[in-house]
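Worksheet for the structure shown next.
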Amino acid sequence: MYTRPIIYKVYSILVIVFAALGFIGSIISGFSFTSVLSKYFPFLNGFSVAVMILVVIVSLISVFFSYIEFSSMFTFAEMIEYENSNSMYPFEKKSFVLPAKFYKGYGSVIFYITLFLEAIIIIATIISASIEKQAFICLPVIPIAISLLSLVLTYIVYYAKYKAFADLLQIVSQKEVDQATKESLKENKPNLLRGYCTFLFVIAILSAIAIIALVIFMFNPLLSVLGAGGAIAISVVYIVLGILLFLSLSVTGCYFDNLAKMLEHHMIRFKMI
């Protein structure tokens, strides 16, 4: 049983809406900051221009990432509706959705860039620790473990997720599934996606508990400083943010679980499992 597609559609639309608002806010903040610099420090005009260009580039990259997330999740919701309809015709994606190969390539590029950067960070960490400890090779366990965990999460969130989505999009869009698509489908790991779903739900529950505990422990200190109104207002803000975080992690977890479920459905269909 899949999660209701409307949940993914609403969530994905919120992702792109908030990304657009964030982009507008970043541009306005960037112009305000550079205007102040230019007004009071005219000799920093060149620096102001560089800052503004950097703000625009970073904002555009953020919107691009959000667009990929929006278009893939929205389309996956429609793919669920297509699967439930038992239609005999191939799935037709919306015009704003990019080709399946793009999503697969996007996930791969993000992962390999992260792999390269994490390798440099690990090597630099080992060299730095070895010099500091005056040892031939010193392996700082915690920094290396953090880097490896970051790499594993990037692999799942980008490479595995977008490969699964791209393969499924290709399958439902073809009347006769070609051998290359079948071979690519076979390489997916549904259990990895489902395991990440469980991980997200654990994080969601722990985050909810942590926020509730924080509100309880901080209420009396806030009460003494800000009064009843201020303490209640801040507590409500934290609780609302906690609820939004919990919902976000839950929807994302369901998304990974449903990807795994659809993968297994087609793997059974082609007798791969």
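Source: prediction; values computed, not measured.
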Margin query: Does any part of the side chain of V251, heavy atoms only, come nearer than 4.5 Å to the side chain of I7, both counted from C-beta?
Written below: yes

Margin query: Membership question, hydrophobic clusters at under 4.5 Å side-chain separation (ILVMFWY): are F246 and I216 in the same one?
Written below: no

Item checked: Contact check, side chains of F256 and I156, non-hydrogen atoms, under 4.5 Å -> yes

Next item on the list: Carefully, step by step, assess K261 and E83 under the rule salt bridge (charged side-chain N to carboxylate O under 4.0 Å, His left out).
Entry: CA-CA 12 Å; K261 190 171 295 184; E83 292 265 305; over 6 Å; no

Next item on the list: State, yes or no, whether a side-chain contact exists between M73 and V15 at a heavy-atom distance under 4.5 Å.
Entry: no

Notebook entry, point to check: Considering only heavy atoms from C-beta outward, does the side chain of F270 approach that of V177 to under 4.5 Å?
Noted result: yes

Note to self: Is it true that, when you exclude F102 itself, more than 12 heavy atoms of the residues, nucleotides or ligands shown sit nearer than 6.0 Å to its CZ?
What the structure shows: yes

Checklist line | S207 side chain reached by I203 side chain, heavy atoms, under 4.5 Å | finding: yes

Margin query: For Y155, run the ring pair (Phe, Tyr, Trp, His ring centres under 6.0 Å) check against Y196, Y162, F111, Y112 and tell me which one passes.
Written below: F111

Check: With side chains defined as the heavy atoms from C-beta onward, is the minimum distance between N188 and L193 less than 4.5 Å?
Finding: no

Next item on the list: Apply side-chain hydrogen bond (donor to acceptor under 3.5 Å, both in side chains) to the pair S184 and K104, showing each step before the final yes or no.
Entry: CA-CA 11 Å; S184 184; K104 188 182 295 186; 3.0 Å; yes

Check: So, for F165 and Y255, is the gap between ring centers shorter than 6.0 Å?
Finding: no

Notebook entry, point to check: Does CZ in F201 sit with more than 12 non-hydrogen atoms of other residues, nucleotides or ligands closer than 6.0 Å?
Noted result: yes

Next item on the list: Kindly determine whether Y89 and Y82 satisfy ring-ring contact (aromatic ring centres under 6.0 Å, His included), including the steps that lead there.
Entry: CA-CA 10 Å; Y89 300 98; Y82 169 80; 9.6 Å; no

Next item on the list: Treat each ILVMFWY residue as a node, draw an edge where side-chain heavy atoms are under 4.5 Å apart, and state whether I232 and F217 are in one component.
Entry: no

Margin query: Same cluster or not: F74 versus F18, using hydrophobic residues (I, L, V, M, F, W, Y) connected whenever any side-chain heavy atoms lie under 4.5 Å apart?
Written below: yes

Checklist line | Side-chain donor or acceptor of S147 paired with backbone N/O of P143 under 3.5 Å | finding: yes

Notebook entry, point to check: Does atom CD of E92 have more than 12 heavy-atom neighbours from other groups under 6.0 Å away?
Noted result: no

Item checked: Same apolar cluster (I L V M F W Y, side chains within < 4.5 Å links), L192/V152 -> yes

Checklist line | F96 atom CZ, over 12 foreign heavy atoms within 6.0 Å | finding: yes

Next item on the list: Give the ring-plane orientation class for F70 versus Y67, where under 30° counts as parallel, over 60° as perpendicular and anything between as tilted.
Entry: tilted

Checklist line | 4.5 Å side-chain heavy-atom contact, T75 and F91 | finding: yes

Item checked: Validation row: H266, D167 side chains within 4.5 angstrom (heavy atoms) -> no

